[in-house]
Amino acid sequence: MVKVVISGALGRMGTNIGRIVDEAPDMELVGGIDVREGTLFGTEVVPAAEIDAFLKEKKPDALIDFTVAAAAVENIKAAARNDVALIVGTTGFSPEQRTTIASAVEGHVPAVISSNFSVGVNIFWKLVREAARELGDYDIEVTEAHHRYKKDAPSGTAKTILEILDQELGSREKVYGRVGETERKDEIGVHVIRGGDIVGDHSVLFAGNFECIEISHRAYDRAVFAQGAVRAARWVVGREPRIYDMQDVLGL
Ligand SMILES: NC(=O)c1ccc[n+]([C@@H]2O[C@H](COP(=O)([O-])OP(=O)(O)OC[C@H]3O[C@@H](n4cnc5c(N)ncnc54)[C@H](O)[C@@H]3O)[C@@H](O)[C@H]2O)c1
Ligand SMILES: O=C(O)C1=N[C@H](C(=O)O)CCC1
């Protein structure tokens with residue numbers, strides 16, 4: 001049995017993941033952590049300030065965190081202190097927060113950290129890498145669209161796309177939207193849409209002379225992220241104490 005605690009338990013992702021863990025025959029949902037009050041599929045949800053005591057009491061194998069960046073950093077430190085493996089889906093970390101996370105995790109606990117846990121997006125990233133290798137002289141524009149409640153922009157997935165493009169093409173200037181007089185050079189354009197209940201759309205356009213290639217992914221349901229996070233939880237327990245990504249889980 002993999003014993004799981006979810007932080008951000010009462011959020012959109014926390015409740016989706018809670019349902020899957022609760023129904024999994026090989027997993028036990030032992031509780032949740034949130035700043036809001038409530039319960040998660042019959043289990044206790046405790047305030048974030050009590051995370052250390054809760055982890056000591058419940059002794060979970062894994063903590064799955066889908067919160068906000070500043071909260072996630074504290075939750076990650078608490079999991080590492082209490083020898084609990086981590087799955088982190090939270091996005092919007094600053095470079096300084098990433099450094100703090102790395103020093104809390106490396107050599108202490110295994111952690112799968114990914115800006116997107118869907119299998120489809122992990123394949124999409126591979127396709128983007130392949131296209132960038134071949135089409136480095138095309139103009140590149142990245143577009144993402146999410147629901148009206150999303151707190152960070154651009155999305156974590158879009159930032160991962162930009163990292164992949166930088167790895168393949170060298171670091172290029174990023175231009176976030178365009179207005180007024182513009183002159184296109186070899187920058188990468190980045191465009192963010194927020195509205196309604198859009199679950200998560202990403203696309204990378206490679207525009208050449210007389211042809212364009214557009215690689216796109218559209219999520220129709222948060223279940224794709226939740227299923228990936230639960231798959232990562234099964235995979236991570238007992239691994240060497242370091243940071244992994246979803247590509248490691250999927251063997252890509
Ligand atoms: N990696 C992925 O595949 C993936 C997929 C979807 C969302 N996300 C990311 O997950 C995060 C959460 O997304 P969401 O749509 O579920 O947001 P949400 O706002 O619905 O849920 C976040 C929850 O975290 C709680 N919270 C705030 N501070 C907390 C703390 N200190 N400790 C515990 N809980 C706390 C909030 O009360 C809320 O219930 C975002 O960063 C989002 O970008 C990642
Ligand atoms: O709904 C969100 O928030 C999502 N966040 C992730 C990101 O920032 O890339 C993954 C897609 C959904």
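This structure is a prediction, so every number in the text was calculated from the model and none was measured. For ligands, and for the atoms within them, numbers begin at 1 and follow the listed sequence.
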- Heavy-atom nearest neighbour in the protein, as seen from atom 1 (O) of ligand 2, with distance rounded to 0.1 Å: H147 NE2, 2.8 Å

- Query: Do K3 and D61 sit within salt-bridge range, that is, some charged N less than 4.0 Å from a carboxylate O?
  - Reply: no

- Residue and atom name of the nearest protein heavy atom (relative to atom 6 (C) of ligand 2), distance in Å to one decimal: S115 O, 3.7 Å

- Message: According to salt bridge (charged side-chain N to carboxylate O under 4.0 Å, His left out), who are the partners of D248, at least two apart in sequence or on a separate chain?
- Response: none

- Query: Should K150 be counted as touching ligand 1, given the test is an N or O pair under 3.5 Å?
  - Reply: yes

- Query: If we only count N/O pairs under 3.5 Å, is T91 in contact with ligand 1?
  - Reply: yes

- Message: When you measure from the side chain of R184 to the backbone of E187, do you find a donor-acceptor pair of N or O atoms at a distance under 3.5 Å?
- Response: yes

- Return a yes/no value for D34: is any of its N or O atoms, backbone included, closer than 3.5 angstrom to an N or O of ligand 1? yes

- Task: Just go through G156, P154, A219, G89 and tell me whose heavy atom is the nearest to atom 7 (C) of ligand 2.
- Result: G156

- Message: With a cutoff of 4.0 Å, is Y149 in contact with ligand 2, counting heavy atoms of the residue only?
- Response: no

- Identify, for atom 11 (C) of ligand 2, the protein heavy atom at the shortest distance, and state residue, atom and that distance. H146 NE2, 3.4 Å

- So which of H217, E144, K159, K150 gets nearest to atom 4 (C) of ligand 2, if we judge by its closest heavy atom? K150

- Query: For ligand 1, is there an N or O atom under 3.5 Å from any N or O atom of R12?
  - Reply: yes

- Would you mind checking if R129 and E168 are paired as a salt bridge, meaning a charged N to carboxylate O distance below 4.0 Å? yes

- Task: May I ask you to check if ligand 1 and M13 share an N or O to N or O distance below 3.5 Å?
- Result: yes

- Query: Of the protein's non-hydrogen atoms, which lies at the shortest distance from atom 44 (C) of ligand 1, and what is that distance?
  - Reply: G89 O, 2.9 Å

- Considering only non-hydrogen protein atoms, determine which one is nearest to atom 9 (O) of ligand 2 and report residue, atom name and distance to 0.1 Å. T157 OG1, 2.5 Å

- Before accepting this row, confirm whether a basic side-chain N of the pair K56/D83 lies closer than 4.0 Å to the acidic partner's carboxylate O. no

- Message: I need the nearest protein heavy-atom contact for atom 11 (C) of ligand 1: residue, atom name and distance, please.
- Response: T67 O, 3.2 Å

